[in-house]
Amino acid sequence: MTTKKRVVITGSSIASPLGNTPETYWQNLCRGHYGLGPITTFDTSESKTKVGACLNPIPMPTNLTPLEEKMSSNLSLLSAYCAEQAILQAGLDFSQEDVRQAGVVMGSGFLNLYDLEDFYQGLYQANRPASPTIIPLNMSSAPASRIAMTYGLKGVIKSVSTACASGFTAILDSVHLIRDGYQEIMLAGGSDLILCKTIVHAWERMRVLSKERENPTMVCRPFDKDRDGIALGDGAAIFVLESLEHARQRGATILAEIVGGFQNADSLDLVKPDSKGEIICMEQALQEANLEANAIDMIYAHATGTRLNDVTEYQSMLAVFKEQLENIPVCGLKSMLGHTMGASGPMSLVAALGTLKSGYFYPIPNLNRLEEGVDLFITKTGQTLSDVHHILINTFAFGGINVCLVVSTFRE
Amino acid sequence: MIVKQEVRSALVKIIQEQTKMEEAEFTHLESFEGIIDSLTLLEIVCEIEDNFDLEIDDEQIPQFRSFDDVVQLVSTMVQASP
């Protein structure tokens, strides 16, 4: 454990309204398709909010027995689907691996809300007795445990929750476990299912949702002068992370390298972001990556579409990148996918892998006029950039928790 | 005047409940800034909406600077409501 190991990505996966494979997802992002549409997960007749990014339906893993499926929550099944896809892409066969060196860290901002809401409705409205399975199915570590049990992994298995940064906390924790020699292979990512009645209504009352509640082309407008809030979405993305040595040993295809990352906290307010914390997080992520600010070729911004968050993020990026910021392409996904909470960082990472591979820089739909005083390099029509090697991805969560990652093309 | 007194009493209860502060701790504050955080203020707004059957616009929330401001604003809205 004396030498820090390099950590590479050898498998990726996604479950999103824009596709359930990284390839389809990437193509639809590049085409500017909307994942936002009418909410189908509950009856919205009494709800102001009619639009969200639903999975329609939740994709299912193919390698569970009917009993295992029955003993899994929706969130666990969604996570298991992504884990299966990532493992397939990585070409991993765990029967050939030392499973003590393989683990899972999953991040979710919320508990398994779909199932819990159903449970409470049954209990209080229909006096339906509680099933003993509610506890093991809905404990926050259930998705990680489901994945671990499916593949017999015996390393570090845990779930983390840091609101909208949960998926990135999971990935960063996994990077540290591999980098410091505790594990060789980690499955890491985020999943959240939030489009249930209670949560949508709570977000409404929090006055964070966009006032445009039906038209996807107006709902979420990151960095736009007229932006007025977020849209909500369901989704998940999981990656296979390995030490470079391990990936090489088994002849794996390396998709990218996670060269740096950092997590910190503002510790000021449960909901208001603070630029100082964000700046430190980005700077430390760059330092961990051993990169100067001018080495960053692109930024995937957190870009939620709220009045305060976007301006704060812009000020933070400006403080870190200074005059160079106007030359760094910036994009964000939430006008297409809504805010998927704990899955939002990992879903950006899947897109960033597409950018690293193709150099394609796509527009931010719904961004028509930049906020006054915000000067960002965005594209209206999409363009292919040459030499995209290093991408910074931001997640800035409620509770003042910040996680930034730097992902790079793999170079010997 | 009666409306304002009733509104005041109701608001004292709401703010006490949401902030866990004694009446004297918040009624004389010149500003809630730094004393009542944004999330608690939002809860207060929701409670006011529920109690008085009002809808408070996002743009009005910054006007909730002090207890007197809140009393004034809510009283006006209650009187104007049908």
Side-chain angles (χ1 to χ4, degrees), chain A residues 46-49 109-110 162-164 197-213 218-221 224-231 265-278 304-313 341 371 396-401, chain B residues 7 10-22 25-27 29-78 80-82:
Chain A
E46 291 173 15
S47 173
K48 289 179 189 167
T49 303
F110 291 92
T162 53
C164 310
K197 193 172 180 178
T198 318
I199 292 303
V200 172
H201 285 200
W203 279 105
E204 266 176 12
R205 296 207 78 190
M206 208 176 194
R207 295 152 199 274
V208 177
L209 295 187
S210 170
K211 288 190 191 65
E212 170 56 53
R213 304 246 163 78
M218 296 292 284
V219 163
C220 176
R221 291 168 281 176
D224 191 280
K225 190 172 182 300
D226 297 320
R227 70 193 180 284
D228 65 355
I230 67 171
D266 305 338
S267 289
L268 290 172
D269 195 289
L270 269 176
V271 291
K272 275 186 182 170
D274 179 64
S275 213
K276 288 191 284 297
E278 294 180 2
T304 58
T306 65
R307 304 283 324 159
L308 186 60
N309 286 14
D310 289 2
V311 167
T312 307
E313 185 170 15
M341 306 292 140
E371 171 65 87
F396 300 133
F398 271 4
I401 298 172
Chain B
V7 167
L11 288 174
V12 165
K13 272 178 82 175
I14 289 171
I15 297 175
Q16 274 181 329
E17 177 65 27
Q18 295 302 325
T19 62
K20 308 296 177 197
M21 291 163 77
E22 295 298 327
E25 290 179 272
F26 59 82
T27 49
L29 285 174
E30 276 186 28
S31 167
F32 292 150
E33 184 83 35
I35 310 289
I36 298 178
D37 66 77
S38 56
L39 197 55
T40 306
L41 191 61
L42 202 53
E43 283 195 293
I44 292 168
V45 171
C46 288
E47 284 297 313
I48 291 170
E49 286 184 323
D50 292 347
N51 269 269
F52 294 99
D53 198 18
L54 296 172
E55 198 159 321
I56 296 167
D57 290 336
D58 293 1
E59 292 72 26
Q60 289 175 300
I61 296 176
Q63 296 171 38
F64 282 44
R65 286 177 297 260
S66 68
F67 182 70
D68 288 343
D69 290 342
V70 180
V71 172
Q72 186 58 47
L73 193 72
V74 175
S75 301
T76 308
M77 290 177 81
V78 168
S81 64

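What you see is a predicted model; the values in this text were computed from it and never measured. So you know, we letter chains A, B, ... as the sequences are listed, proteins then strands, and number each from 1.
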Handout entry: Per-residue contacts, residues 37-46 of chain B versus chain A, heavy atoms under 4.5 Å
Key = D37(B), S38(B), L39(B), L42(B), V45(B), C46(B)
Exercise for the section: Quick one: pull up CG in L209(A) and NZ in K211(A) and give me the separation to the nearest 0.5 Å. Expected result: 10.5 Å
Handout entry: Test side chain to side chain contact (heavy atoms under 4.5 Å, CB included) applied to K272(A) and D269(A), L270(A), D274(A), the passing residue
Key = D269(A)
Problem - D53(B) atom CG, neighbour heavy-atom count above 12 within 6.0 Å - result: no
Handout entry: Whether E204(A) side chain and T49(A) backbone form a donor-acceptor pair below 3.5 Å
Key = yes
Practice task
Quick one: pull up CH2 in W203(A) and CD1 in I230(A) and give me the separation to the nearest 0.5 Å.
Solution key: 4.5 Å
Handout entry: Atom CD of E49(B): over 12 foreign heavy atoms under 6.0 Å
Key = yes
Practice task
Give a yes or no answer on whether the side chain of R65(B) reaches the backbone of S31(B) with a donor-acceptor pair at less than 3.5 Å.
Solution key: no
Exercise for the section: May I ask you to list the residues in residues 70-77 of chain B that approach chain A closer than 4.5 angstrom, counting heavy atoms only, ordered by number? Expected result: none
Problem - Donor-acceptor pair, side chain of N309(A) and main chain of T304(A), under 3.5 angstrom - result: no
Exercise for the section: Would you mind checking if R227(A) and D310(A) are paired as a salt bridge, meaning a charged N to carboxylate O distance below 4.0 Å? Expected result: yes
